[in-house]
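Notes follow the structure.
Atoms within a ligand are numbered from 1 in the order they appear, just like the ligands themselves. Computed from a prediction, not measured in an experiment: that's the story for all the values here.
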Amino acid sequence: MSDLYPVKPEFAAKARIGKDDYQRLYRESVEDPEGFWAKAAERLDWFRKPTVIKDVSYKLEDFRIRWFADGELNASVNCLDRQLEKRGDKVAILFEPDDPSAPVQKVTYRQLYERVCKLGNALRNLGVGKGDRVTIYLPMIPDAVVAMLACARIGAIHSVVFGGFAPNSIADRVADCGSKLIITADEGLRGAKKIPLKANVDAALKLPGTNTVETVLVVRHTGGAVDMQAPRDRWFHDVVDGQPAQCEPERMNAEDPLFILYTSGSTGKPKGVLHTTGGYLLYASYTHEAIFDLREDDIYWCTADVGWVTGHSYIVYGPLANGATSLVFEGVPNYPSVSRFWEVIDKHQVTIFYTAPTAIRALMREGEAPVKKTSRSSLRLLGSVGEPINPEAWRWYYDVVGDGRCPIVDTWWQTETGGILISPLPGAVDLKPGSATVPFFGVRPALVDTDGRVLEGAAEGNLVLLDSWPGQMRTVYGDHQRFIDTYFRTYPGTYFTGDGCRRDEDGYYWITGRVDDVINVSGHRIGTAEVESALVAHPKVAEAAVVGFPHEIKGQGIYAYVTLKAGEQPSDELQKELVAWVRKEIGPIATPDHLQWAAGLPKTRSGKIMRRILRKIAENAPDQLGDTSTLADPSVVESLVSERKVK
Ligand code: 6R9
């Protein structure tokens with residue numbers, strides 16, 4: 001069966017990059033990275049043009065990753081100032097509120113520039129300067145973009161925390177980077193629900209380690225009542241409105257930090273992924289233009305939240321550095337109805353639509369009718385990100401949403417990579433449903449077996465990258481050793497992605513999912529260790545083990561095994577209490593889907609939990625437990641299998 005969707009001639013005819021261009025440019029990019037990226041760097045405006053292009057060594061004894069190291073620039077200048085002449089009146093941010101009857105906001109490049117400058121001045125007046133950390137905990141509103149760019153303008157390092165995180169998670173992230181200031185809102189809106197953002201910040205700031213925070217700026221969004229604690233809390237409009245609409249941008253070295261973004265790893269503590277200014281911005285803007293085949297009149301919509309890396313690179317920095325119109329959507333796909341995405345596409349004549357497989361699967365379950373009642377004729381390109389897209393969902397996206405007209409770019413990348421690494425270029429690469437296809441310029445993927453041997457040809461193994469690209473993360477904030485140990489020690493001389501992958505006979509890459517203790521729930525990374533430590537923090541829990549299991553909509557769900565302390569009795573109420581506890585400790589995105597009581601957990605004689613076995617039980621595949629001979633007590637497994645929750 002040939003399951004190939006060749007590039008359509010009519011798309012290729014107008015595309016920025018065609019087949020021959022891709023081959024030629026890819027070859028150039030890996031044969032002469034210095035020359036290739038020096039030329040690519042011309043797409044940015046520099047205060048001082050870089051002369052040193054690439055300075056990278058993955059060798060542990062001589063480790064460094066530096067790009068454009070003597071260049072100077074400012075990210076906000078690239079996203080705003082340089083657009084003013086040609087695109088001052090062009091819409092930069094097209095804001096679609098949660099409530100479809102509430103007014104749309106169109107923020108032009110000039111208006112965005114002014115709002116960013118005013119906030120930049122306000123932040124400076126509050127004592128925030130180059131290198132200081134600012135936490136942003138906002139809903140998906142234009143002020144979230146303004147906040148990020150204002151930090152970039154004055155050289156402050158932003159750390160955006162997703163609005164779905166609970167006070168504990170906010171506090172951990174604030175404490176880890178020692179934020180001086182937090183920008184939040186009274187409340188957020190998601191569907192019919194209100195999210196008490198300011199109240200969550202108040203609760204977070206009562207927790208230990210957060211006393212670096214001097215000021216909390218509060219955007220009045222819903223108008224809901226909040227506690228304002230003087231002198232710490234200030235209304236955003238009070239400190240911003242009277243400021244001058246011009247603000248001197250900070251001259252940043254290309255390697256000065258732009259932002260920190262926390263992501264889950266295989267240990268309990270989220271990692272502060274640090275990206276720097278020059279390489280990141282260049283890579284985000286170049287990939288955005290090439291992979292989405294960007295044109296001047298596109299209306300581009302990425303449905304991610306700015307709390308995730310996809311929002312950073314492909315709602316804010318990439319699109320704005322390219323002078324695009326970027327749609328910011330506050331709401332959710334099923335409010336007020338499951339047609340919302342498609343209605344927004346028609347309402348704003350969206351041409352490029354970029355979303356996650358979990359959303360596609362959830363909407364697919366509603367059938368074709370909610371899609372087909374809309375036109376979607378403005379669409380010309382679709383994108384997918386966050387997790388592998390199953391071929392069935394891919395075809396539905398292609399046939400039903402795109403009416404068989406629009407190529408799909410399945411974009412594989414990570415918080416750590418800053419931008420897309422493996423994806424089709426829509427005018428150049430034939431598509432295969434479920435495959436992220438081929439590497440972007442300068443990207444050198446390889447597959448290795450567990451001993452680190454590089455596999456050639458069609459093969460399956462662990463996905464590594466043999467060389468650096470400009471958008472690569474530079475460190476784990478405050479813990480450079482952890483950065484090296486996590487990514488460069490497993491397979492020496494390479495960056496290890498943590499993903500498994502297959503390469504087919506055509507050289508196409510098929511990501512198979514995480515090979516570490518990270519679960520991908522609806523495209524969000526959750527560390528099993530984080531959920532486990534939340535559970536054992538409950539006074540009645542003795543021990544917990546958490547694994548992922550296949551979930552029809554979410555991709556993976558969270559399955560928790562819990563052993564209670566002696567004398568505690570399992571009950572349905574306690575089960576509900578523990579699920580609610582995890583939500584409260586980490587946030588709703590970490591809600592366990594299943595919680596099974598475990599009299600004991602399967603362990604090796606040296607006391608290690610055998611997660612492989614727990615995964616199989618959670619998958620309901622007890623016949624595939626594999627080798628259980630190293631178990632200390634095999635009867636533990638038998639009782640877990642017989643008591644497995646079948647829902
Ligand atoms: C951008 C983003 C990264 C992990 C990554 C992988 C999975 C992302 C994917 C994909 C298959 C794709 N992933 N995109 N798997 N196909 N197109 O999602 O960043 O939140 O850091 O997650 O997501 O497992 O390692 P992040």
Side-chain angles (χ1 to χ4, degrees), residues 160-162 164-165 259-266 270-275 280 283-284 287-288 291 302-318 354-361 382-391 393-394 397 408-424 429 431-440 443 445 462-465 471-473 476 486-487 490 495-503 508-527 530 548 554-556 589-590:
V160 183
V161 175
F162 174 59
F165 279 118
F259 66 84
I260 302 166
L261 187 55
Y262 286 87
T263 190
S264 296
S266 20
K271 292 185 285 262
V273 169
L274 185 125
H275 282 287
Y280 170 81
Y283 197 76
T287 48
H288 178 258
I291 293 167
C302 166
T303 69
D305 190 286
V306 289
W308 309 112
V309 75
T310 306
H312 282 60
S313 302
Y314 299 114
I315 294 177
V316 182
Y317 287 109
Y354 188 31
T355 195
T358 185
I360 298 165
R361 286 191 299 265
L382 302 171
S384 172
V385 61
E387 51 174 320
I389 179 164
N390 47 308
W394 193 101
Y397 196 24
I408 298 177
V409 289
D410 175 359
T411 62
W412 174 83
W413 58 298
Q414 313 178 297
T415 306
E416 293 88 337
T417 70
I420 297 165
L421 296 194
I422 302 181
S423 165
V429 178
L431 308 173
K432 295 187 188 187
S435 171
T437 75
V438 295
F440 189 70
V443 174
N462 296 314
L463 180 63
V464 300
L465 297 154
Q472 181 164 33
M473 75 182 280
V476 170
T486 308
Y487 302 103
T490 322
Y495 164 86
F496 177 41
T497 63
D499 278 336
C501 183
R502 180 168 72 80
R503 186 174 47 223
Y508 276 46
Y509 290 84
W510 302 72
I511 309 296
T512 53
R514 302 290 305 189
V515 294
D516 54 8
D517 290 323
V518 172
I519 316 181
N520 191 327
V521 183
S522 301
H524 303 322
R525 282 161 66 166
I526 312 283
E530 279 169 72
K554 302 179 184 179
Q556 280 189 298
I589 56 165

Heavy-atom proximity to atom 14 (N) of ligand 1 ranks first, among Gly386, Gly418, Cys501, for Gly386
Just going by heavy-atom distances, which of Gly434, Pro388, Gly523 is nearest to atom 15 (N) of ligand 1?
Pro388
Quick one: look up the protein heavy atom nearest [atom] and list residue, atom name and how far away it is.
atom	result
atom 1 (C) of ligand 1	Trp413 CE2, 3.4 Å
atom 20 (O) of ligand 1	Arg525 CD, 3.7 Å
atom 24 (O) of ligand 1	Asp499 OD1, 2.7 Å
atom 9 (C) of ligand 1	Glu387 N, 3.5 Å

Please examine the side chains of [Y] and [X], heavy atoms only from C-beta on, and report whether any two atoms are closer than 4.5 Å.
X	Y	answer
Thr415	Tyr262	no
Thr358	His524	no
Pro445	Leu463	yes
Thr497	Leu465	yes
Arg525	Gln414	yes

Applying ring-ring contact (aromatic ring centres under 6.0 Å, His included) to Tyr495 and not counting sequence neighbours gives Trp469, Tyr487, Phe488
Atoms of ligand 1 close to [X] [distance to a heavy atom under 4.0 angstrom, numbered from 1]:
X	value
Asp410	12 (C), 16 (N), 17 (N)
Ile511	11 (C), 15 (N)
Val309	1 (C), 19 (O)
Asn520	7 (C), 23 (O)
Val385	1 (C)

Looking at Thr355 and Thr303, would you say the former's side chain and the latter's main chain have a donor-acceptor pair under 3.5 Å?
no
Determine yes or no for a side-chain-to-main-chain donor-acceptor pair under 3.5 angstrom, with Tyr314 supplying the side chain and Thr287 the backbone.
no
Give a yes or no on whether the ring-centroid distance for Tyr283 and Trp413 is below 6.0 angstrom.
no
For Asp516, enumerate each residue passing the salt bridge (charged side-chain N to carboxylate O under 4.0 Å, His left out) test, keeping only those at least two apart in sequence or located in another chain.
Arg514
[X]-ligand 1 polar pair, N/O distance under 3.5 Å:
X	answer
Thr411	yes
Ser384	no
Thr497	no
Thr310	no

Counting heavy atoms under 4.0 Å, the part of Thr415 that contacts ligand 1 is both
What is the ring orientation for Phe259 with Tyr317, classed by angle as parallel under 30°, tilted 30 to 60°, or perpendicular over 60°?
parallel
With a 4.0 Å cut-off on heavy atoms, is Trp308 touching ligand 1?
no
